Protein chains: 2
Amino acid sequence: MVTNCTHCPLRKLDIFESLTADSISFLQRFKSGELKVDAGTPLLMEGSNSPQLFTALKGMGVRYKLLPNGRRQVVNFVLPGDFVGLQAGVMGEMKHSVEATTPMVLCVFDRSELWTLFKTQPERAFDLTWAAAMEEHFLGEALTSIGQMSAMERIAWGLVRFHGRCENLGLIDGTKCPFPYRQQDLADALGLSLVHTNKTLMKLRDRQILSINDGILQIMDIEEAKTVALLPIDLPGRRPLI
Amino acid sequence: MVTNCTHCPLRKLDIFESLTADSISFLQRFKSGELKVDAGTPLLMEGSNSPQLFTALKGMGVRYKLLPNGRRQVVNFVLPGDFVGLQAGVMGEMKHSVEATTPMVLCVFDRSELWTLFKTQPERAFDLTWAAAMEEHFLGEALTSIGQMSAMERIAWGLVRFHGRCENLGLIDGTKCPFPYRQQDLADALGLSLVHTNKTLMKLRDRQILSINDGILQIMDIEEAKTVALLPIDLPGRRPLI
DNA sequence: CGAATAGTTGAAAACAATCAAACCCCGTGG
DNA sequence: CCACGGGGTTTGATTGTTTTCAACTATTCG
């Protein structure tokens with residue numbers, strides 16, 4: 001049973017721009033199906049030339065790169081509304097891998113139709129460029145965070161940001177939001193060792209700023225957390241959904 | 001005296017895809033002028049909504065972000081052929097600053113014409129998306145480098161990559177290429193302190209792998225340098241030029 | 001119960017940042 | 001001609017953060 005784009009639950013959220021009926025019907029034709037995967041399923045592999053592109057509908061995942069020496073860099077977390085596979089779409093192959101962290105549901109698009117989109121739907125083409133530029137922006141911030149901030153600052157930054165993204169998606173309950181990742185994932189995202197990540201999280205918990213427990217991230221003192229994060233968290237107020 | 005797109009010296013390089021006469025004439029109309037700037041001139045400021053977009057023709061620059069605490073992250077080096085200002089074009093404001101490191105010459109485009117490009121030149125729109133995805137790819141690699149590699153590995157990675165970009169642009173003379181940046185710029189790019197960057201460069205020089213002198217980067221032992229860099233350097237073989 | 005996974009903790013070692021000063025090159029002006 | 005100053009580079013000593021290593025706990029699952 002495939003979700004109809006017209007009744008897409010994501011598109012109802014304030015954060016996503018609304019589209020004309022015509023545009024939605026194009027996307028509906030662009031959409032070739034829906035994919036349900038279990039937690040832990042690899043979606044795209046670095047170097048692969050996937051014939052399929054995705055938009056995450058439900059669940060969460062990770063983008064990551066593996067190094068020859070076995071280390072791993074988590075490039076970003078994948079949340080509902082995120083477009084996945086754009087690199088394969090425009091550059092011919094993925095430059096990082098993507099895997100589901102929780103069970104996920106994704107819209108599937110046909111890569112071969114991407115060119116049709118550029119030719120006939122310039123607004124959608126623009127949206128895709130926007131998405132790529134947004135990802136570029138985020139990676140620039142992450143680079144700045146990892147390159148210039150201390151462990152505590154990085155962790156506060158990463159978690160405040162994640163919390164903000166959840167808020168935009170209506171996933172917040174009071175001060176809490178889901179955080180289905182392991183400490184190792186957070187460490188790999190922020191360029192820290194697992195041990196040091198753990199100890200720093202303890203400090204943040206002791207200082208009553210934030211805590212992670214049972215897959216739930218709670219930010220008790222959001223103001224203090226933002227102060228520790230140093231960088232202002234810059235999330236788009238309204239954005240396209242493809 | 002403005003360079004005519006038809007005779008653009010950059011486009012003659014093998015690395016850049018060739019275009020039909022029609023496409024070039026569109027770009028010629030898109031191009032609103034040329035900008036010559038001295039070394040040190042700021043081109044775009046973070047947060048600014050520039051009415052102008054650029055393609056670097058000659059010279060080199062830096063993209064960087066400043067932190068509230070005064071630290072600086074160099075996000076990337078700007079070389080000839082690089083498109084500058086895409087974020088302002090699609091997101092309304094720049095997320096980093098750009099400044100000329102050497103004297104530069106840049107093609108100037110009118111931001112207001114960007115939408116015309118998307119509507120009437122889907123191939124060019126695709127190229128822009130490609131450029132954004134490429135930048136995303138690079139930032140992912142940089143993140144991996146800074147997050148997971150030691151100082152020596154990072155420096156080798158950064159300089160081998162820079163050397164490779166120069167090679168693609170025909171800026172190589174034997175084992176040497178221009179490197180007009182200060183050690184502080186390199187340090188800010190790789191998330192290292194100036195002192196540690198300096199000491200690590202000394203070690204690489206002592207080991208006869210590479211050296212920087214008088215604005216010239218020489219890689220004496222490219223194989224060894226690539227080995228130290230850990231990550232394979234992935235540069236596009238052929239790419240669009242806008 | 002045993003095995004596997006994730007989280008927690010302490011001690012030691014390694015790495016990189018900071019501090020402070022010297023050095024070098026080069027252009028300026030007395 | 002040489003003293004002076006500025007920007008960038010180099011160096012040594014010290015401090016401090018982060019990693020690594022190793023072990024132990026808690027929880028889940030077959």
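A, B, ... follow the sequence lines: proteins, then strands. Residue 1 opens every chain. A quick note: this is a predicted structure, and the numbers were derived from the prediction, not measured.
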- Item | R72(B) to Y64(B), cation-pi by 6.0 Å centre distance and 45° axis angle | yes
- Item | Nucleotide dT9(C), atom P - distance to NE2 of H196(A) in whole Å | 15 Å
- Task: Tell me yes or no: between the side chains of S150(B) and E153(B), is some donor less than 3.5 Å from an acceptor?
- Result: yes
- Item | Options dA16(C), dT10(D), dT8(C), nucleotide nearest the side-chain atoms of R205(A) | dT8(C)
- Query: Of the candidate nucleotides dT18(C), dG7(C), dT19(D), which contains the atom at the shortest distance from the side chain of S193(B)?
  - Reply: dT18(C)
- Message: It should be established whether N198(A) places a side-chain nitrogen or oxygen under 4.0 Å from OP1 or OP2 of nucleotide dG7(C).
- Response: no
- Message: Main chain of L194(B), side chain of Q183(B): is a donor-acceptor contact present, judged purely on distance under 3.5 Å?
- Response: no
- Query: Over how many whole Å does the gap from D185(A) atom CG to dT5(C) atom C1' extend?
  - Reply: 13 Å
- Message: Rounded to whole Å, please give me the gap between CE in M149(B) and C1' in dT18(D).
- Response: 18 Å
- Can you tell me how far C1' of dA16(C) sits from CD of E153(B), to the nearest Å? 14 Å
- Which part of the nucleic acid, if any, lies within contact of L192(A), taking any heavy atom under 4.0 Å across all strands shown: a base, the sugar-phosphate backbone alone, or nothing? sugar-phosphate
- Message: Applying a 4.0 Å non-hydrogen cut-off, can you work out what G215(A) is touching in the nucleic acid: base, sugar-phosphate, or nothing?
- Response: nothing
- Message: Aromatic contact between F54(B) and F83(B), with the criterion being ring centroids under 6.0 Å apart: yes or no?
- Response: no
- When you match R182(B) and V195(B) each to their closest nucleotide on DNA chain D, which lands nearer the 5' end? R182(B)
- Task: Classify the side chain of K199(A) and the base of dG7(C) as holding, or not holding, a donor-acceptor pair under 3.5 Å.
- Result: no
- Check ion pair R182(A)-D188(A) (N to O, under 4.0 angstrom): no
- Query: Step by step, would you call E34(B) with L106(B) a side-chain contact (heavy atoms from CB on, under 4.5 Å)?
  - Reply: CA-CA 6 Å; E34(B) 222 166 88; L106(B) 306 106; over 6 Å; no
- Note on the structure: M202(B) has its side chain closest, among dT8(C), dT11(D), dT19(D), to dT11(D)
- Rounded to the Å, how far apart are Q183(B) CD and dG7(D) P? 17 Å
- Task: May I have the distance from I216(B) (atom CD1) to dT9(D) (atom P), rounded to whole angstrom?
- Result: 14 Å
- Item | Exceeds 12 heavy-atom contacts within 6.0 angstrom, atom CG of D206(A) | yes
- Task: Quickly work out the L186(B) CG to dG8(D) P distance and round it to whole Å.
- Result: 14 Å
- Item | Nearest-nucleotide pick for S150(B), side chain only, options being dA16(C), dT8(C), dT10(D) | dA16(C)
- Fit a plane to each ring of F179(B) and F162(B), take the angle between them on a 0 to 90° scale, and name the class: parallel (under 30°), tilted (30 to 60°) or perpendicular (over 60°). perpendicular
- Would you say dT5(C) has OP1 or OP2 under 4.0 Å from some side-chain N or O of Q184(A)? no
- Task: Starting at atom CD1 of I146(B), determine the distance to atom C1' of dA16(C), rounded to an integer number of angstrom.
- Result: 14 Å
- Message: Short of 4.0 Å, heavy atom to strand atom, which residues of residues 64-77 of chain A count as contacting DNA chain C?
- Response: none
